[in-house]
Amino acid sequence: MNIIIIGGNGTIGQAVVKELSERHQIITASSKHGDVNVDIADPQSIEKMYQFAQKKWGSDIDAVVNTVGKVHFDDLVNMTAENYHKGLNNKLMGQVNLVLMGLRYLKPTGSFTLISGILNQDPIRGGTNAAMVNGALEAFVKAAAFEMPHKIRINLVSPTIVEESREEYKDFFRGYDAIPVAKAALAFSKSVEGIQTGQVYRVGY
Ligand SMILES: NC(=O)c1ccc[n+]([C@@H]2O[C@H](COP(=O)([O-])OP(=O)(O)OC[C@H]3O[C@@H](n4cnc5c(N)ncnc54)[C@H](OP(=O)(O)O)[C@@H]3O)[C@@H](O)[C@H]2O)c1
């Protein structure tokens with residue numbers, strides 16, 4: 001398959017590239033690294049990313065995998081509307097735009113795989129923006145799966161904290177069990193290489 005992986009140099013993205021590149025052709029995209037630069041919060045740059053892939057593979061694009069998304073972390077009492085827009089514009093609408101624009105480039109049998117996280121199911125202090133965005137992503141994927149044209153599929157991977165990020169986030173995730181990032185990558189493999197659609201793959205919780 002020909003697969004675009006957004007965030008291929010990130011903690012989760014690297015593991016997904018490792019898992020999928022054994023069997024497939026990959027284009028990696030991210031804000032500063034990869035085969036092509038993309039800012040998921042900027043629709044024009046998403047369009048450019050798809051045009052780059054189309055130039056390389058024509059209309060033979062099988063899967064779009066996103067492992068990127070920023071939100072704002074702070075205690076509820078400090079949060080402003082602007083703070084919430086960070087997650088809404090980046091992690092939520094960035095991924096929604098990847099899907100909406102990708103529909104014009106993806107093969108009729110293609111798939112989208114998006115990323116969320118544990119915090120809407122198992123909240124931490126300071127995580128309301130993450131929780132709201134993750135919940136919206138679950139709702140979007142569930143509803144969008146019914147309206148996907150042709151045989152296009154869409155799934156969401158929702159991992160708990162991964163061991164490779166534990167040190168960085170340890171003060172936020174006390175008491176949480178961490179998973180090896182390779183385990184999260186398997187859920188991306190299931191989404192891309194399997195047959196399911198409209199699924200939320202909760203990994204490690
Ligand atoms: N790490 C965890 O334990 C964990 C668990 C569950 C869910 N998640 C979620 O998974 C996602 C990725 O987490 P991570 O830990 O892998 O992050 P990370 O290691 O910080 O990597 C972030 C990646 O995103 C890219 N990026 C950042 N902003 C971008 C933008 N606007 N447009 C395109 N690419 C952009 C970076 O590319 P450049 O280096 O080129 O800037 C990098 O490849 C986040 O949404 C996070 O909430 C993470």
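Along the sequence shown, residues are numbered consecutively beginning with 1. Both counts, for ligands and for their atoms, begin at 1 and track the order of listing.
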Is [X] atom [atom1] crowded by more than 12 heavy atoms from other residues, nucleotides or ligands, each under 6.0 Å away?
X	atom1	answer
K142	NZ	no
R23	CZ	yes
K183	NZ	no
D75	CG	yes

Are any of the N/O atoms in [X] less than 3.5 Å from those in ligand 1?
X	result
I40	yes
G8	no
K32	yes
V38	yes
I115	no
I161	no
I6	no

Query raised in the report: How does N90 reach ligand 1, by side chain, by backbone, by both or by neither, if only non-hydrogen atoms under 4.0 Å count?
Result: side chain

Query raised in the report: Where's the contact between E164 and ligand 1, heavy-atom distance under 4.0 Å: side chain, backbone, both or neither?
Result: neither

For [atom], closest protein heavy-atom neighbour:
atom	value
atom 46 (C) of ligand 1	K91 NZ, 3.8 Å
atom 3 (O) of ligand 1	V162 N, 2.9 Å
atom 13 (O) of ligand 1	T67 O, 4.3 Å
atom 2 (C) of ligand 1	S165 OG, 3.6 Å
atom 44 (C) of ligand 1	G69 O, 3.3 Å
atom 22 (C) of ligand 1	G10 CA, 4.3 Å
atom 25 (C) of ligand 1	V68 CG2, 3.6 Å
atom 5 (C) of ligand 1	T160 O, 3.3 Å

Query - Same apolar cluster: I40 and V17, side chain cutoff 4.5 Å - result: no

Report task. Using a strict cut-off of less than 4.0 Å between a Lys/Arg side-chain nitrogen and an Asp/Glu carboxylate oxygen, indicate whether E167 and K170 qualify as a salt bridge. Result -> yes

Query raised in the report: How are the rings of F73 and F172 set relative to one another: parallel (under 30°), tilted (30 to 60°) or perpendicular (over 60°)?
Result: tilted

Can a side-chain donor-acceptor contact be found between [Y] and [X] if the only test is distance below 3.5 angstrom?
X	Y	value
E193	H24	yes
N155	Q196	no
T113	Y201	no
S30	N9	yes

Requested in this report: May I ask you to list the atoms of ligand 1 that are less than 4.0 angstrom from any heavy atom of G7?
Outcome: 43 (O)

Query raised in the report: At a 4.0 Å threshold, what atoms of ligand 1 neighbour a non-hydrogen atom of I12?
Result: 4 (C), 8 (N), 10 (O), 16 (O), 48 (C)

Query raised in the report: Between the main-chain N or O of D39 and the side-chain N or O of S45, is there a donor-acceptor pair closer than 3.5 Å?
Result: yes

Query raised in the report: Okay, side chain of N89, backbone of H85: is any donor-acceptor separation there less than 3.5 Å?
Result: yes

Requested in this report: Using heavy-atom distances, let me know which of S31, G117, S116 sits nearest atom 9 (C) of ligand 1.
Outcome: S116

Query raised in the report: Which option out of T11, N9, V16 puts a heavy atom nearest to atom 17 (O) of ligand 1?
Result: T11

Query raised in the report: Would a 4.5 Å heavy-atom cut-off, applied to side chains only, mark Y176 and I118 as touching?
Result: yes

Query raised in the report: Does some non-hydrogen atom of N37 fall short of 4.0 Å from ligand 1?
Result: no

Query raised in the report: Does atom 34 (N) of ligand 1 have a protein heavy-atom neighbour under 4.0 Å away?
Result: yes

